[in-house]
Enquirer: 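Handing you a structure now.
Residue numbers start from 1 in every chain, and the chains themselves are labelled A, B, ... in the order their sequence lines are given, proteins ahead of strands. Note that the coordinates shown come from a computational prediction; the quantities given were computed from them, not determined experimentally.
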Amino acid sequence: MNNVKTVYKKSEGLTDKYMTYCPGCTHGVIHKIVAEVLVELDVLDRTIGISSVGCSVLNYDFFNCDMQQAAHGRAPAVATGIKRVRPNSIIFTYQGDGDLASIGIAEAIHAAHRGENITIVFVNNAIYGMTGGQMAPTTLIGQKTTTSPNGRDAKTQGLPLRIAEMMATIPGATYIERVSVHNPQHVRKAKKALMKAFTIQKENKGFTLIEFISTCPVNWGMTPKDAVDWAVDNMIPYYPLGVFKDATVGEEK
Amino acid sequence: MNNVKTVYKKSEGLTDKYMTYCPGCTHGVIHKIVAEVLVELDVLDRTIGISSVGCSVLNYDFFNCDMQQAAHGRAPAVATGIKRVRPNSIIFTYQGDGDLASIGIAEAIHAAHRGENITIVFVNNAIYGMTGGQMAPTTLIGQKTTTSPNGRDAKTQGLPLRIAEMMATIPGATYIERVSVHNPQHVRKAKKALMKAFTIQKENKGFTLIEFISTCPVNWGMTPKDAVDWAVDNMIPYYPLGVFKDATVGEEK
Amino acid sequence: MAKGRIIIDIERCKGCALCNSYCPVNILDLDITTTNLKGYTPLISTDPDKCIACGFCAIMCPDSVITVERFIKEAK
Amino acid sequence: MAKGRIIIDIERCKGCALCNSYCPVNILDLDITTTNLKGYTPLISTDPDKCIACGFCAIMCPDSVITVERFIKEAK
Amino acid sequence: MISEKVIIAGFGGQGVMLMGQLLSYTATAKELNTLWFPSYGPETRGGTANCSVTISETDVNSPVISTPDSIIIMNKPSLDKFQPKLRKDGHLFLNTSLVKDVKLRNDLNIYKIPANDIAMELGNLKVANMVMLGAYLEVTKVFDPESVLEVLKKKFTGSKATLIEINKKALEAGKQAVL
Amino acid sequence: MISEKVIIAGFGGQGVMLMGQLLSYTATAKELNTLWFPSYGPETRGGTANCSVTISETDVNSPVISTPDSIIIMNKPSLDKFQPKLRKDGHLFLNTSLVKDVKLRNDLNIYKIPANDIAMELGNLKVANMVMLGAYLEVTKVFDPESVLEVLKKKFTGSKATLIEINKKALEAGKQAVL
Amino acid sequence: MSKVLMKGNEAMALAAIKAGCEAFYGYPITPQNELPEYLSKHMALHGRVFVQAESEVAAINMVYGAAGAGARVLTSSSSPGIALKQEGISYMAGAELPAVIINVMRGGPGLGGIQPSQADYKQITRGGGNGDYYLYALAPETLQEAVDLIKEAFDIADYYRNPVMIAVDGLIGQMMEPVDLDREVPKWDLTPKTWVADGNRKNRERNVINSLYLDPNDLENHNLHLKEKFDDMRKNHQRYELVNMKNAEIAIVAYGSVSRIARTAIEILAEQGIKCGILRPITLFPYPKKAFHALPKTVKDLLVVEMSTGQMLEDVKLSNECHLPVHFFGRVGGIIPEAQEIVDKVLEIVGGEKHE
Amino acid sequence: MSKVLMKGNEAMALAAIKAGCEAFYGYPITPQNELPEYLSKHMALHGRVFVQAESEVAAINMVYGAAGAGARVLTSSSSPGIALKQEGISYMAGAELPAVIINVMRGGPGLGGIQPSQADYKQITRGGGNGDYYLYALAPETLQEAVDLIKEAFDIADYYRNPVMIAVDGLIGQMMEPVDLDREVPKWDLTPKTWVADGNRKNRERNVINSLYLDPNDLENHNLHLKEKFDDMRKNHQRYELVNMKNAEIAIVAYGSVSRIARTAIEILAEQGIKCGILRPITLFPYPKKAFHALPKTVKDLLVVEMSTGQMLEDVKLSNECHLPVHFFGRVGGIIPEAQEIVDKVLEIVGGEKHE
Ligand SMILES: Cc1ncc(C[n+]2csc(CCOP(=O)(O)OP(=O)(O)O)c2C)c(N)n1
Ligand SMILES: Cc1ncc(C[n+]2csc(CCOP(=O)(O)OP(=O)(O)O)c2C)c(N)n1
Ligand code: SF4
Ligand code: SF4
Ligand code: SF4
Ligand code: SF4
């Protein structure tokens with residue numbers, strides 16, 4: 001007989017609650033690695049997560065740490081409020097592209113501007129999931145959504161915003177990276193990025209944001225696997241992966 | 001006897017109202033060149049200016065064209081509202097750094113993001129003038145204001161935001177330049193920048209923003225001339241002048 | 001012989017079929033003969049013996065359905 | 001002889017003394033002997049004959065106080 | 001006088017909303033008064049969903065149906081929720097492909113339809129809802145299936161037109177199931 | 001019993017607010033009740049400004065002074081605004097350096113002080129306000145100038161301490177102007 | 001015209017198009033999403049403007065701009081989104097700009113829930129923005145009435161130069177009913193908009209849109225001018241419906257979907273021999289005080305029914321002027337009251353008197 | 001303790017520090033700027049937090065976060081800024097978070113003016129946010145009272161787990177008066193904050209701060225729980241002052257600075273032989289209905305005086321329950337009523353009866 005070693009199981013950073021995401025939505029994958037990193041850094045007990053408004057609104061039920069649910073777009077402000085009074089805590093916000101890039105762009109920018117010592121997990125799925133698939137600032141040109149029924153048109157709806165690139169220009173930000181979770185290798189890379197971000201926070205080195213290329217199979221109208229492939233073929237070319245700012249390696253700050 | 005030729009007089013783009021700015025405030029200089037450009041492009045009759053909230057709030061009395069006074073920070077949204085229903089009009093917003101860089105950063109970014117065909121006149125004087133000299137997102141490190149009484153401290157108040165640089169990363173923006181009005185030569189350059197911006201708008205080529213390095217002698221606690229010199233010595237090094245994006249010269253759009 | 005095995009928490013599975021595309025030995029499929037309490041067709045391993053315990057399926061599963069165990073040969 | 005002249009709209013002047021620092025021939029100053037209706041000490045040209053009508057003062061005045069005229073020699 | 005109140009309930013994705021809408025569209029075509037009202041469970045996705053349809057020759061007042069005349073039940077949680085509300089002698093249409101081993105009231109007219117199985121046989125699981133609808137129409141006689149098909153034809157145009165045939169078959173199969 | 005209501009008005013920058021505050025600080029030091037209230041004209045800058053100061057041994061009620069006992073007037077627009085409100089036989093202190101050729105009521109006690117000129121002579125235009133205050137104190141006897149100077153000393157510390165001497169002189173010069 | 005079956009949100013959207021709405025600016029929020037979605041497709045077909053704003057705050061300020069430029073303009077949202085618009089709405093009232101704002105109410109406070117609710121009554125009728133102003137607020141009970149009122153609302157907004165709020169609960173937004181979109185609605189007597197700042201200044205002086213009055217005398221005059229408008233609304237444009245009031249012994253006061261449920265309740269009550277009428281406010285502001293004067297003498301009790309903890313109660317008490325006892329029944333949090341619950345409550349009230 | 005002369009805004013700031021306020025988040029706006037300015041200097045000296053937020057929206061959400069982490073927290077603003085905070089305030093009420101919010105009111109609507117006003121009464125007492133909630137709202141009339149109430153307000157907020165609003169007009173913010181900052185104020189019976197999500201989770205289960213209840217049954221229960229709190233405030237914590245009520249024939253109802261002006265008015269009236277009292281609400285919510293029951297029988301008329309077009313009138317009518325005639329006098333737009341105007345109005349009212 002063989003002995004067994006568990007090489008993968010549900011993270012203790014997650015509760016046992018059944019997650020309410022649609023089947024195959026990569027929100028779940030991102031949740032897992034956030035949870036794993038918090039456990040591996042041994043900070044779960046002093047972490048406060050901020051749920052934002054979007055499909056992930058209920059993740060105060062899923063992350064196994066203190067949680068605060070924030071108004072739409074305001075998670076970085078809520079995070080600021082907490083971190084300033086509880087500087088020993090580890091704070092992350094978890095925000096969709098409607099939440100962060102649209103209604104909440106001011107709060108995200110100013111948290112970075114002030115150099116708040118928090119981590120933003122930014123989930124870019126190029127659409128508003130929860131409300132039924134409306135156009136997001138990150139919706140690609142030609143992409144059909146319920147409010148761009150003929151496909152996003154640059155002339156009337158503009159060109160998609162690149163958040164990581166924009167945030168990287170903010171002098172107060174410490175670390176900005178864009179990652180993807182479209183295969184196990186990239187999930188591991190993404191987890192490394194999160195590890196770096198939370199480590200920076202743990203060492204009081206300032207503002208970090210990890211942008212995730214994510215999917216919305218339901219509102220994109222695809223199977224989960226097709227959605228992942230679509231993200232690779234369409235999103236990553238416009239939203240290239242990589243580190244956009246790292247103020248821990250030299251000058252800047 | 002000699003004949004005379006008037007080489008400089010008050011622009012017809014301005015009303016005769018006495019301007020309410022403090023003595024020597026460069027808001028007035030910027031007003032003049034905006035007015036001159038509107039006259040020279042022969043668009044005054046179809047221009048709608050948007051006054052924002054700040055020292056320039058009353059400029060609906062000063063610009064000799066249709067004007068709408070917008071809520072604090074929302075001028076680009078008001079401009080969007082107008083331009084979409086009146087595409088033949090020429091629209092500019094006139095906004096301070098509190099108005100645009102702080103409370104109104106979302107509206108500015110998203111007007112650019114959508115590629116609204118409007119012109120933003122952004123007046124960066126590194127302070128909140130109207131409300132009595134509080135810290136702005138553009139206040140320099142070490143600069144004393146009524147809410148940074150010991151000088152702005154990077155650790156708790158972050159590093160100053162660079163708006164032109166940030167806006168230049170927005171794919172939807174067409175033209176972004178930073179200018180200064182600290183001497184007659186630069187006033188002329190600044191006017192040229194405005195001319196370019198309004199011309200782009202006239203030709204329906206999209207979003208333009210001109211950032212002005214400006215002064216606030218009263219809240220900086222300096223004479224007007226000292227204020228101008230301080231801006232040259234302290235602001236321009238952190239906020240370098242120049243064109244940050246010009247999508248009319250090639251690729252991008 | 002299998003290098004390890006996966007344990008599928010059937011009631012958590014949403015039958016999204018994301019995991020199986022990443023299985024290098026192609027042994028994952030949905031079990032269309034059944035539905036779980038939530039109404040989904042859950043995952044099944046069609047050939048457990050081939051499992052190499054790479055964990056790819058588990059890593060990719062959004063719902064932490066899969067536990068992966070590696071068999072360790074005991075020193076005889 | 002002057003190449004031109006400036007006309008100062010005294011009541012608009014706020015006595016800020018910004019313009020005079022830019023006068024290349026240094027002929028501008030505040031007239032401390034008087035105050036205008038708003039309570040400010042207005043600008044004065046101390047030596048109008050030296051004016052070269054460069055317009056620098058006018059360009060820099062935030063309040064459009066100064067009109068600049070250039071003298072044109074008439075063809076005799 | 002037509003006066004029918006029906007609640008249709010199941011998992012999100014089982015097409016319960018469409019069933020109800022078809023009834024309301026048909027009623028509108030016949031110049032009857034009607035009201036369709038959806039309700040989703042607290043879960044973001046994958047939870048239960050139901051809709052209430054009132055069809056009446058007089059004005060429709062309350063959009064909420066307290067005591068339905070019929071209920072069409074596509075899954076188990078829905079049975080638990082709506083069986084108690086059904087009026088005495090009301091019609092209960094049960095998708096027995098998914099709802100098995102359950103306790104049923106004995107003051108009802110109960111119709112057991114293995115709708116998923118029938119739909120699978122027809123070649124498309126998605127038409128299970130139309131199977132149930134066929135049964136419902138046959139029992140209640142609110143409308144004849146042809147009127148519903150007319151509406152379907154207007155809705156399913158273009159590439160969807162090919163679906164009409166299978167939907168027709170499903171309605172018919174549902175009818176057969178309760179004959 | 002002390003009960004004094006005074007309005008001090010002039011251009012922004014003439015130090016009218018400080019004058020009023022000095023009175024209220026002195027009152028507080030003497031454990032009197034007092035209320036200081038500022039008002040700015042509609043213009044953003046460079047407009048007129050005024051403050052109302054009430055000093056009383058009993059509770060101060062209305063912060064608004066409808067009928068002042070005294071008014072200290074630093075410029076012309078302020079005279080137009082406040083002269084009509086001054087009570088009969090009230091004290092009008094006029095900075096005649098800036099307020100000339102004006103119509104004055106004849107039921108008042110009027111004190112003309114060329115405060116700007118006096119201040120210029122003392123070497124600092126900024127103390128014109130203290131000249132007016134010296135005159136006011138001398139006439140009304142609300143406080144002696146020493147009490148006010150005490151307050152000033154507490155306020156002007158560090159680099160500003162050097163200003164105390166000239167302020168003292170200004171108070172004295174104001175007193176002389178109405179002797 | 002024949003009726004078409006439409007979802008409430010879509011019918012309201014189409015009604016706006018029919019009313020000549022030139023532009024929509026809004027931000028997604030449940031349960032009103034079908035409204036902007038419908039317009040995103042159809043406004044362009046009519047050569048009109050649809051913009052999905054970056055936020056509710058931006059949306060209402062876009063509305064401000066477009067209204068100031070003279071356009072007929074619409075926005076819609078749901079409860080928390082309306083809360084975010086309060087500053088902008090206050091600005092519009094201050095600058096006297098017309099627009100139609102649809103609030104498809106959901107449960108609160110905060111994020112609350114997404115089920116139908118009437119918990120924004122205070123927010124709607126007492127303004128949530130700063131300063132002395134009101135919105136003209138209409139509360140339809142059927143899709144047909146929603147459609148008709150929206151068509152008229154644009155006229156009302158223009159007439160008063162004030163925002164008009166259409167207050168519907170989530171039920172009305174989500175339900176489908178057959179509606180006739182071309183029914184005639186009253187036309188208001190409108191004058192040309194000579195005050196607009198639209199950059200079309202050939203034959204006129206420049207115009208300024210503004211709510212700032214630094215001189216308190218000016219602001220006082222402006223406030224009094226605004227008050228006159230609100231008083232005029234109160235005097236001349238209250239709307240309500242009295243249902244089944246003949247010989248009624250009790251009147252249910254209810255608006256929106258709740259009044260429909262009350263209609264079912266009074267049928268049940270009639271079967272039990274109880275004469276119950278309905279006083280249905282159609283305008284929430286101006287509140288239909290006149291309706292209370294119009295009640296027959298037979299009415300001995302008032303029962304207010306709401307999907308809130310009793311926010312309309314105060315208006316009922318103020319209108320009733322202490323004449324009749326006022327009772328209350330409410331369900332909250334997205335729970336929709338059932339007719340039987342209302343019946344039970346009525347029985348409880350009239351019960352004591354019945355069994356004399 | 002000896003008194004110090006302070007500006008209202010600064011005294012309120014210092015009062016908050018004395019009350020143990022751990023953090024301030026705010027955004028500049030006239031006429032309350034001296035408050036954050038004072039704190040920007042002094043919070044750090046006390047090892048506390050001062051953050052100038054990017055906007056009022058951000059500020060209130062920072063307050064939400066800090067309150068959720070268990071801190072005593074303050075924000076302040078003026079009318080349009082409060083309008084922007086409505087969504088956040090609604091969230092705080094929904095998530096049951098304590099905080100103190102100071103509103104130094106200016107004229108509106110919209111940008112309005114910067115002079116003193118009471119035109120936010122509706123905004124303060126009826127909530128401008130979505131959903132069924134109220135703020136506990138205190139309206140001091142002197143700096144001393146402002147200081148005392150602010151010190152107590154933090155306790156009240158913690159006690160009820162609800163935001164407390166301090167409503168002052170611009171006058172109180174801008175005036176200087178001598179105040180004793182160390183006066184004892186009532187201490188409320190507070191229990192440890194076991195509910196906080198502060199990331200300090202050694203000996204407890206994880207905590208969640210939230211206002212979302214997707215199941216309508218849960219939301220209904222939550223709403224009813226909140227209503228109980230508001231009912232408890234109404235029942236147990238109304239505050240008011242009756243001034244000069246002995247044998248008074250008329251009562252002026254006024255709060256904040258206006259009640260001070262009324263005090264001067266009743267002195268003038270007394271000289272003319274007219275007995276006039278003042279009913280001064282100190283809590284605007286819960287409105288001091290009990291005060292109306294406590295009025296002596298001699299009072300024959302009520303005169304409401306406000307710096308608004310009459311926003312408090314409704315509460316007076318509701319509290320008065322049709323017993324006495326209610327009159328109104330108001331000045332708006334930043335104009336402060338003068339005592340003589342109030343006197344004249346009183347004379348006009350009692351006049352008819354006097355000259356019998
Ligand atoms: C103030 C406010 N506006 C709008 C909404 C409605 N809303 C809920 S989720 C959402 C969009 C979420 O999209 P995104 O952030 O991209 O997240 P996803 O659902 O795609 O994960 C919106 C607009 C709200 N709850 N509050
Ligand atoms: C919603 C809102 N918040 C705050 C204010 C107060 N306020 C008026 S002007 C201003 C700052 C203006 O500063 P800036 O934009 O830098 O312009 P400046 O006065 O320096 O020209 C603020 C905060 C307001 N009027 N409205
Ligand atoms: S709607 Fe899209 S983003 Fe939201 S849970 Fe479903 S698939 Fe994921
Ligand atoms: S406060 Fe500053 S920015 Fe404003 S007018 Fe005065 S000098 Fe100019
Ligand atoms: S195990 Fe996970 S990834 Fe695989 S089908 Fe089930 S839910 Fe989807
Ligand atoms: S002319 Fe203009 S620049 Fe010169 S002092 Fe007067 S206001 Fe200032």
Enquirer: Test of understanding: with salt bridge (Lys or Arg N to Asp or Glu O under 4.0 Å), list the residues that count as partners of A/D99, not counting sequence neighbours.
Expert: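 With sequence neighbours excluded, A/D99 shows a salt bridge (Lys or Arg N to Asp or Glu O under 4.0 Å) to no residue whatsoever.
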
Enquirer: Indicate yes or no for a side-chain donor-acceptor contact from A/K32 to the backbone of C/C61 under 3.5 Å, with no hydrogens or angles considered.
Expert: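 Judged by distance alone, yes, a pair lies under 3.5 Å.
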
Enquirer: Is any side-chain heavy atom of A/Y8 less than 4.5 Å from a side-chain heavy atom of C/T67?
Expert: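 Answer no - side chains too far apart.
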
Enquirer: Heavy-atom pairs under 4.5 Å with chain C are the metric here; pick the option from A/D16, A/T223, A/L14 that has the most.
Expert: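 Sorted descending by pairs with chain C, the first entry is A/D16.
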
Enquirer: Pick from C/G4, C/S64, C/C57: which one has the most heavy-atom pairs with chain A under 4.5 Å?
Expert: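 Most pairs with chain A among the choices: C/S64.
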
Enquirer: Within a reach of under 6.0 Å around CG of A/D42, are more than 12 heavy atoms found that belong to other residues, nucleotides or ligands?
Expert: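 Atom CG in A/D42 is not crowded, with 12 or fewer foreign heavy atoms closer than 6.0 Å.
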
Enquirer: Can you measure from CZ (C/R70) to OG1 (A/T6) and round to the nearest 0.5 angstrom?
Expert: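 If we round to the nearest 0.5 Å, C/R70:CZ and A/T6:OG1 are 11.0 Å apart.
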
Enquirer: Could you report the tightest heavy-atom contact between C/D63 and A/M19, atom names first, then the distance?
Expert: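 That closest heavy-atom pairing would be OD1-CB, 3.8 Å.
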
Enquirer: Sub-4.5 Å heavy-atom contacts with chain C: which residues of residues 176-197 of chain A show up?
Expert: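 A/V181, A/H182, A/N183, A/P184, A/Q185, A/V187, A/R188, listed by number.
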
Enquirer: Contact between C/E69 and A/K9 at the side-chain level, heavy atoms closer than 4.5 Å - yes or no?
Expert: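 Side-chain contact under 4.5 Å: no.
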
Enquirer: State, to 0.1 Å, how close A/C25 and C/P62 come at their nearest heavy-atom pair, and which atoms those are.
Expert: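 Heavy-atom minimum between the residues: O-CB, 3.3 Å.
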
Enquirer: Check A/P23 against C/C16 and note the closest heavy-atom contact, atom names and distance.
Expert: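 Closest approach of A/P23 to C/C16: C-CB, 3.4 Å.
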
Enquirer: For atom CD1 of C/I32, is the number of surrounding heavy atoms from other residues, nucleotides or ligands below 6.0 Å larger than 12?
Expert: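 No.
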
Enquirer: Are A/K225 and C/Y22 in a cation-pi contact, defined as NZ or CZ under 6.0 Å from the six-membered ring centre and within 45° of the axis?
Expert: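 Yes, a cation-pi geometry holds between A/K225 and C/Y22.
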
Enquirer: Could you tell me which non-hydrogen atom of C/E11 sits nearest to which non-hydrogen atom of A/Y18, and how far apart they are?
Expert: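 That would be O-CE1, 3.7 Å.
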
Enquirer: Of the backbone (N, CA, C, O) and the side chain (C-beta and beyond), which part of C/I66 lies under 4.5 Å from a heavy atom of chain A, both, or neither?
Expert: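 Contact with chain A: backbone only.
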
Enquirer: Nearest heavy-atom pair of A/V228 and C/L18: which atoms, and what distance?
Expert: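 So the two residues come closest at CG2-CD1, 4.0 Å.
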
Enquirer: Could you pull out the closest heavy-atom pair between C/R5 and A/V4, with the gap in Å?
Expert: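 Closest approach of C/R5 to A/V4, heavy atoms only: NH2-CG1, 4.2 Å.
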
